[in-house]
Amino acid sequence: MSTDSELPGTYYPGLEGVISNETAITNLEGRKGDGDLEYRGYRIEDLAEHVSYEEAAYLLLHGELPNAGQLAEFDSRLRSQRQIPGELIDLLRHIPREAHSMDVLRTSLSVISHFDPEVNAISTDHAANVRKAERIVAKTATAVAARERLLAGQEPLAPDASLSHAGNFLYMATGKKPSASMTRAFDLSLVLYAEHELNASTFAARVTVSTLSDIYSGIVAAVGTLKGPLHGGANEEAWKVLVEVGSPDNAEHWIQDALATKKRIMGFGHRVYKTGDPRARILKVWCRKLADEIGEDKWEKIAEPIEREVTAQKKLPPNVDWPTARLYHYMGLETDVYTPIFALARVAGWSAHIIEQLDSNRLMRPRARYTGPANRPVKPIQERR
Ligand code: SDX
């Protein structure tokens, strides 16, 4: 057995509480401490109220909120680069229906990289990385929507340059021009999903490019990481919880049984937030608004007692994935697109962290504490039993 004295440092399972990087992008403990999320010093509550996803993405990639001229130019660059390669659409037609939507997104981003004119630029070229990041932000939404249309037996729709990023995704994914409130709610969810410090997928992206690999490799690593149900996959799982409960009359019984059997309830808890996820509080208000708009309050009546009991009995408030499940249902989106939506928003945050890492890089290479057998002689094959 190895002992601590043989290795420097301390072992922190799951890297819990470990500071592995410095960043100027996001602060999870702003002015008020736990749960006071800030992007580049702006409180998430203020950003949620005042900025679009385009403005949030610009803030993350360029470090400042854009003025009107900067926003117009950035928005024009995004709109003009939304199209994805025809070769990708052809490939999407052949990918089996049952392929997981995050696996397909992982493939789509890899294909998009092959057609990026700067894919082979030196990985530390800041300006090239920002241009690639803008193309990734513009194209990821189109790739996700194209797959959704093919799954629905429909032809992928070309991006509509007259629509915002949020409105254009809803149009390309559903074939319908969304209402103003649906567009506003979706845009807000993208702002809230856009970035979140060193979560597992962002950490994966930073580790990947810390070898001086490229931004696309970092993004693909992040997509694979976000897929997991402990991370981005939780929004799809949270919807399954609501469907499993089925009716408001069953909610109380279901949650008491789930707590009694120590069931892990998707959409609740957080590695960092202990007093609640500010994004969940903001989105809960919009869930109610959209439920009222479509005249279906069943899901709010199911969610409420579950939220109340898990928070009260387990001291585990809901995280961002709990309300987004209902929000996307109200927009008529299929559950398999919930996590890809998380990804198409988070590509801005992933890209910002990748660029920050590559601007001032140090290879990330932690150690492991050895717990296996030691000092064993190799026996010739004829003596091995
Ligand atoms: C995201 O990190 C980020 O910033 C991520 C994210 C982002 O924007 O990038 O915020 C997005 O990933 C949000 C989290 C989405 N995941 C889920 O909703 C999955 C369900 N949640 C859990 O699996 C859990 O809460 C985690 C993974 C989110 C956090 O897990 P930790 O910090 O490793 O905590 P743990 O698993 O060690 O649990 C501590 C205790 C345990 O009880 P005991 O065994 O000590 O008695 O809390 C319990 C757990 O059983 N617990 C839960 C629970 N989460 C923790 N019990 C029931 N239901 C849950 N959801």
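Every number for a ligand or one of its atoms is a count from 1 in the order of the listing. These numbers come from a predicted model, not from an experiment.
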Quiz item: Does an N or O from D277, backbone or side chain, lie closer than 3.5 Å to an N or O of ligand 1?
Solution: no
Quiz item: Is M266 in polar range of ligand 1, meaning some N or O pair under 3.5 Å apart?
Solution: no
Quiz item: Per the side-chain contact (heavy atoms from CB on, under 4.5 Å) rule, which among L109, T142, V111 passes with L88?
Solution: V111
Less than 4.0 Å from [atom], is there any heavy atom belonging to the protein?
atom: atom 34 (O) of ligand 1; value: no
atom: atom 29 (C) of ligand 1; value: yes
atom: atom 56 (N) of ligand 1; value: yes
atom: atom 4 (O) of ligand 1; value: yes
atom: atom 42 (O) of ligand 1; value: no
atom: atom 39 (C) of ligand 1; value: no
atom: atom 59 (C) of ligand 1; value: yes

Quiz item: So which heavy atom on P178 is nearest to which on T183, and how close?
Solution: CG-OG1, 3.2 Å
Exercise. Under 4.5 Å between side-chain heavy atoms, chaining through other members, with only Ile, Leu, Val, Met, Phe, Trp and Tyr counted: pull out the rest of the cluster around V378, sorted by chain and number.
Key: none
Under a 4.0 angstrom heavy-atom cut-off, which atoms of ligand 1 come close to [X]?
X: P229; answer: 16 (N), 19 (C)
X: N199; answer: 2 (O), 3 (C), 4 (O), 5 (C), 9 (O)
X: A234; answer: 15 (C), 16 (N), 17 (C), 18 (O)
X: D321; answer: 1 (C), 13 (C), 15 (C)
X: K314; answer: 56 (N)
X: G267; answer: 17 (C), 18 (O)

Quiz item: Is the closest heavy atom of R279 to ligand 1 under 4.0 Å?
Solution: yes
Practice problem: Please work out whether the ring planes of F74 and Y58 are parallel, tilted or perpendicular, with thresholds of 30° and 60°. | Solution: perpendicular
Quiz item: Can you check whether Y328 and F186 have ring centres sitting under 6.0 Å from each other?
Solution: yes
Exercise. Tell me whether the centres of the aromatic rings in H270 and H196 are closer together than 6.0 Å.
Key: yes
Among all protein heavy atoms, pick the one closest to [atom] and tell me residue, atom and distance.
atom: atom 9 (O) of ligand 1; result: R346 NH1, 2.9 Å
atom: atom 20 (C) of ligand 1; result: F268 O, 3.5 Å
atom: atom 46 (O) of ligand 1; result: K262 NZ, 4.1 Å
atom: atom 6 (C) of ligand 1; result: H270 NE2, 3.7 Å

Check: [Y] main-chain N/O paired with [X] side-chain donor or acceptor under 3.5 Å:
X: Y53; Y: L192; value: no
X: Y42; Y: E45; value: no
X: Q382; Y: R384; value: no
X: R82; Y: D160; value: yes
X: H231; Y: K227; value: no
X: Q81; Y: R77; value: yes
X: E356; Y: A24; value: yes
X: E73; Y: Q70; value: no
X: S101; Y: D336; value: yes

Where on [X] is there a heavy atom closer than 4.0 Å to ligand 1, on the side chain, on the backbone, on both, or on neither?
X: K263; result: backbone
X: E197; result: neither
X: E16; result: neither
X: N319; result: side chain
X: L316; result: side chain

Quiz item: Do the side chains of T225 and F203 get nearer than 4.5 Å, heavy atoms only?
Solution: no
Option with minimal heavy-atom separation from [atom], where the choices are [options]:
atom: atom 22 (C) of ligand 1; options: K315, E237, R264; answer: R264
atom: atom 27 (C) of ligand 1; options: T225, T202, L230; answer: L230
atom: atom 11 (C) of ligand 1; options: H231, R271, E195; answer: H231

